[in-house]
Chemist: 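This is the structure I want to talk about, given as structure tokens.
Keep in mind it's a predicted model, so treat the numbers as computed, not measured.
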Amino acid sequence: MFGIIFICVCIAVGKMWEEISEPILEPVLRRMKNPFWVQSVSWIFLGFLSVSWLVYVTASLFAKYRHPLRFGNGIVLPLLVLAVLCWEWHQKKRGQKKKQTWIREKKLFQKECIFFLFVTVFAGWWMWYVFHSEGGSLYAGYTVFGDFSPHTAMIRSFSWGNNFPTQYPYFGGEDIKYHFMFQFLTGNLEYLGIPMEVGFSILGTMFFTAMVILVYSAAQWIFGVFSVGVCSVILLCFRSSFSFWRFVWEHLQKQDLWETLRTNTEFIGYTANENWGLWNLNVYLNQRHLAFGMCALGLALLLYLPDLEKACGGSQNGLSWLKTCWFHWESWKSRNWKRAVFAGVILGACVFWNGAVVIAALLILAGMGLFSRAKLDYALTAAIILAASALESSWFIDGKSMDFQLQFGFLADTATVWGVVKYLLALFGIFFPLLIIAAFVIDRFMRCLLLAFTLPLVFAFTVSLTPDLAVNHKYVMISMIFQGIFLAWILWRLWQKDMWRKTVAVLLTFMLTVTGVYDLVVIYKDNDAQHSFQIAKDDDVTLWLKENTDSQDLVLTPQYSFTRVTVSGVMMYCGWPYYAWSAGYPTDYRTAVALQIYQETDEEKLQELVNREDITYIIYEENMEINGEKCYEETIQNTYPLAYTSEDGTLRIYQTGEDA
């Protein structure tokens, strides 16, 4: 009940913000055939963004209490309801409420409704399929459980715990380096009565559809064709690669192709980490905060498109145009400072929703700003984003937020220009060759836009911000999402010609999507009941940890991934190291200390280690190992009292704190 109220308040607040910001969006909406879609996304996005931050900040003021969210929601939601009612009354009194022209082309709107309804059902089914509850158990499929390990732990640290000031559950007792606000939003919904798996699916579906709408709207704005928008979304969902063809050829030679296609449950790929599912629809299923961040990027992109188009118009030749673009005051002076502030605020507020998207947005806007009017507006937007990032980082992170390093080549086998070219061809097939062709047949405005869309990809192949270089894949994907709009246009143009070119369009579409379609088959097969981790929702260990620990407790555990312990949201001393390491935490030290504690034979030394590391509980599970080395219980058992034994007898919890 309260969860539904929260969602309704978010939508109502977002509607208020959308009405306030409508003059800012007006140049974009004027160009849209049916502004309804962009307006709807803007109010949903703005509502959840602003209300979540207000609840989080308010709850953090009551961190000393067991349930800070009780105060966060109890104070913020009534005040927001009052604010919305006052706004509506004020607008009505001033006669500001007017009938808005949200739908201008009804036949097109009907097609869009059918298409977006299909996208919503498609996304919703998959979101629920890979992570759902059934028969009293949580099911996390094999293709998503890895990312869901820290996600669910973070969600439960808010819904069941009091994670203020916020810590990373897989490296408890330290700051938070990972963007966590989407998990906070899901946790708050669970606290208000919507089960974690339901809330996660609702939010994931909602913002994936919102992202799709904005990509479609960008394609509509640029080309004005429904089919181009639809094709752009198809290219977003289904990746291009030569991997499928190589896979088919290899198994044709082995004469086991059909059997392999039927039984295979692993992503195919021949480049580094491709078999992780880094490049397909699985990314949006297990990183649901990515789509949320993409909404901010999409709105900011649409806001600045008119200025770029006007700057690229006219009949000036290239050199004269560049001189005007850079050395004429008209290209620099501010055109709409309110728009600049709006774009900066929504992107700046998303730093801890998805930091990679914010960086990609800065790169894309910088590329657009190079050739656009209103360069001071771009500079103001960037300044607000950077200031917000610095402020939020100083609040949440101790020390550096990023480790900037120049590192050419990304995941290519050889870090050379030719090595990168071969890597791109092997990984993405005909995508980039077709994109190069497109660059020669589009006009100056589109060419400048294509260059801006390429900058996150260039960044991914030249810069590293985290210990795990593979996380740069998000920059590549963001580039390809928007670059795909131009390929969609090429395919549409071919479809408008004779039968021969229609055939070419069909073949190219098939080649661009067949690997992604097969990836979807793998997702389906590798997330069924036989290919999933299952945790009882009423597991005794999970519930005991929920009732007896809080965020001030630091729990020493085996190197857990997705288990009945992690879904309780406890702060682990050192869970599965990859999650914390890839987020920038120094895991080697804690891993060594954890092993030392489990192998210590001297009780005094054990107590010294545990006290030094502020560990309040130790979990021992039968036959556990750390880094392949066996762990022992005897010294722990002789030193600390047993706090709990699991009903199945395989897990024991020892209390080391002052109350032991």
Chemist: With sequence neighbours excluded, give me every salt bridge (charged side-chain N to carboxylate O under 4.0 Å, His left out) pair touching residues 135-147.
Modeler: none

Chemist: Could I get the full list of salt bridge (Lys or Arg N to Asp or Glu O under 4.0 Å) partners for Glu647, not counting sequence neighbours?
Modeler: none

Chemist: Closest heavy-atom contact between Pro558 and Ile619?
Modeler: CD-O, 3.8 Å

Chemist: Take the angle between the ring planes of Tyr585 and Tyr168 and call it parallel below 30°, perpendicular above 60°, tilted in between.
Modeler: parallel

Chemist: Compute the centroid of each ring, for Tyr423 and then for Phe428, and state whether the two points are separated by less than 6.0 Å.
Modeler: no

Chemist: Looking at Phe131, Phe533, Tyr139, which hits ring pair (Phe, Tyr, Trp, His ring centres under 6.0 Å) with Phe145?
Modeler: Phe533

Chemist: Go through the steps for Phe6 and Leu189 under the test side chain to side chain contact (heavy atoms under 4.5 Å, CB included), then give the verdict.
Modeler: CA-CA 8 Å; Phe6 178 87; Leu189 286 181; 3.5 Å; yes

Chemist: Is it true that Glu613 and Tyr589 share a donor-acceptor pair across their side chains at a distance under 3.5 Å?
Modeler: yes

Chemist: Taking Tyr579's backbone N and O only, do any of them form a donor-acceptor pair with Ser582's side chain (distance below 3.5 Å, no angle check)?
Modeler: yes

Chemist: Quick one: sort the Phe200 and Phe182 rings into parallel, tilted or perpendicular, breaks at 30° and 60°.
Modeler: tilted

Chemist: Using atom types as modelled and distance alone, determine if a side-chain donor or acceptor of Asn472 lies under 3.5 Å from a backbone N or O of Val463.
Modeler: yes

Chemist: Under 3.5 Å, is there a donor-acceptor pair linking the side chains of Asn188 and Tyr56?
Modeler: no

Chemist: Is a donor on one side and an acceptor on the other found under 3.5 Å between the side chain of Asn273 and the backbone of Trp276?
Modeler: no

Chemist: Using side chain to side chain contact (heavy atoms under 4.5 Å, CB included), reason through Tyr178 and Phe352 one step at a time and then give a plain yes or no.
Modeler: CA-CA 7 Å; Tyr178 189 77; Phe352 275 84; over 6 Å; no

Chemist: Apply the test side chain to side chain donor-acceptor pair (under 3.5 Å) to residues Ser551 and Asn163: give CA-CA distance (whole Å), side-chain angles for both, the deciding distance (0.1 Å), then the verdict.
Modeler: CA-CA 5 Å; Ser551 63; Asn163 194 4; 5.1 Å; no

Chemist: Applying ring pair (Phe, Tyr, Trp, His ring centres under 6.0 Å), can you list everything that pairs with Tyr284, at least two apart in sequence or on another chain?
Modeler: Phe208

Chemist: For Tyr518, which of Phe267, Tyr524, Phe244 qualifies under ring pair (Phe, Tyr, Trp, His ring centres under 6.0 Å)?
Modeler: Phe244

Chemist: Specify whether His289 and His179 have parallel, tilted or perpendicular ring planes, treating 30° as the upper limit for parallel and 60° as the lower limit for perpendicular.
Modeler: tilted

Chemist: Mind checking ring pair (Phe, Tyr, Trp, His ring centres under 6.0 Å) for Tyr644 and listing every partner two or more places apart, or none if nothing turns up?
Modeler: Trp544

Chemist: Take Leu465 and Tyr475 through the test side chain to side chain contact (heavy atoms under 4.5 Å, CB included) and record every step on the way to the result.
Modeler: CA-CA 12 Å; Leu465 299 177; Tyr475 302 115; 3.7 Å; yes

Chemist: With no hydrogens and no angle check, just 3.5 Å: does a side-chain donor-acceptor pair link Thr271 and Glu274?
Modeler: yes

Chemist: Roughly how far apart are Gln405 CD and Thr466 OG1, rounded to 0.5 Å?
Modeler: 9.5 Å

Chemist: Side chains of His151 and Gln183: do they bring a donor and an acceptor to under 3.5 Å?
Modeler: yes

Chemist: For Asp175, check salt bridge (Lys or Arg N to Asp or Glu O under 4.0 Å) against everything at least two apart and list the hits.
Modeler: Lys177

Chemist: Any donor-acceptor pair under 3.5 Å linking the side chain of Thr656 with the backbone of Thr616?
Modeler: yes

Chemist: For Ser149 and Ser561, run side chain to side chain donor-acceptor pair (under 3.5 Å): C-alpha distance rounded to whole Å, both residues' side-chain angles, the deciding distance at 0.1 Å, then the answer.
Modeler: CA-CA 6 Å; Ser149 301; Ser561 182; 3.0 Å; yes

Chemist: According to side chain to side chain donor-acceptor pair (under 3.5 Å), who are the partners of Asn286, at least two apart in sequence or on a separate chain?
Modeler: none

Chemist: Among all residues two or more places apart in sequence or in another chain, which pass the salt bridge (Lys or Arg N to Asp or Glu O under 4.0 Å) test with Glu633?
Modeler: Arg652

Chemist: Among pairs that include at least one residue of residues 559-583, which meet salt bridge (charged side-chain N to carboxylate O under 4.0 Å, His left out), considering only residues two or more places apart or in two chains?
Modeler: Asp539-Arg564, Arg564-Asp648

Chemist: Could you check Asn282, Asp519, Asp526 and say which one makes a side-chain hydrogen bond (donor to acceptor under 3.5 Å, both in side chains) with Thr143?
Modeler: Asn282

Chemist: For the pair Phe122 and Phe118, name the ring-plane relationship: parallel under 30°, tilted 30 to 60°, perpendicular over 60°.
Modeler: parallel

Chemist: Hey, are Glu197 and Lys537 close enough for a salt bridge, meaning a charged N less than 4.0 Å from a carboxylate O?
Modeler: yes

Chemist: Listed by chain and number, what are the side chain to side chain contact (heavy atoms under 4.5 Å, CB included) partners of Lys630, not counting sequence neighbours?
Modeler: Asn623, Tyr632

Chemist: Would you please say whether a donor-acceptor pair under 3.5 Å links the side chains of Ser137 and Gln534?
Modeler: no

Chemist: Using modelled atom types only, decide if a donor and an acceptor are shared between the side chain of Lys525 and the backbone of Arg262 within a distance under 3.5 Å.
Modeler: yes

Chemist: Using atom types as modelled and distance alone, determine if a side-chain donor or acceptor of Arg288 lies under 3.5 Å from a backbone N or O of Thr205.
Modeler: no

Chemist: Where do Ile626 and Tyr598 come nearest, in terms of heavy atoms and distance?
Modeler: CD1-CD1, 3.7 Å

Chemist: Assess the residue pair Asp614 and Tyr573 against the criterion (side chain to side chain donor-acceptor pair (under 3.5 Å)); give the C-alpha distance rounded to whole Å, side-chain angles, the decisive distance to 0.1 Å, and a yes or no.
Modeler: CA-CA 9 Å; Asp614 293 324; Tyr573 179 75; over 6 Å; no

Chemist: Test of understanding: with side chain to side chain contact (heavy atoms under 4.5 Å, CB included), list the residues that count as partners of Thr563, not counting sequence neighbours.
Modeler: Tyr560, Val565, Thr566

Chemist: Is it the case that the side chain of Gln552 and the backbone of Gly173 share a donor-acceptor pair, with hydrogens and angles ignored and the cut-off at 3.5 Å?
Modeler: no

Chemist: Walk me through it: do Tyr640 and Tyr654 pass the test ring-ring contact (aromatic ring centres under 6.0 Å, His included)?
Modeler: CA-CA 6 Å; Tyr640 299 111; Tyr654 295 90; 7.9 Å; no

Chemist: Output, in order, the C-alpha distance, side-chain angles, deciding distance and verdict of side chain to side chain contact (heavy atoms under 4.5 Å, CB included) for Met211 and Thr209.
Modeler: CA-CA 5 Å; Met211 175 185 71; Thr209 303; over 6 Å; no

Chemist: Step by step, would you call Phe148 with Phe562 a ring-ring contact (aromatic ring centres under 6.0 Å, His included)?
Modeler: CA-CA 7 Å; Phe148 276 25; Phe562 184 76; 7.7 Å; no

Chemist: Taking side chain to side chain contact (heavy atoms under 4.5 Å, CB included) as the definition, give me every residue that meets it alongside Ile44, ordered by chain and number, with sequence neighbours left out.
Modeler: Phe48, Met206, Phe207

Chemist: Please enumerate all residues that pass side chain to side chain contact (heavy atoms under 4.5 Å, CB included) together with Ser50, with sequence neighbours excluded.
Modeler: Val13, Trp17

Chemist: Should Glu600 and Thr635 be marked as a side chain to side chain donor-acceptor pair (under 3.5 Å) after you check the CA-CA gap, both sets of side-chain angles, and the distance that decides it?
Modeler: CA-CA 7 Å; Glu600 184 58 64; Thr635 308; over 6 Å; no

Chemist: Does Glu190 come within less than 4.0 Å of Arg156, counting only side-chain N to carboxylate O?
Modeler: yes

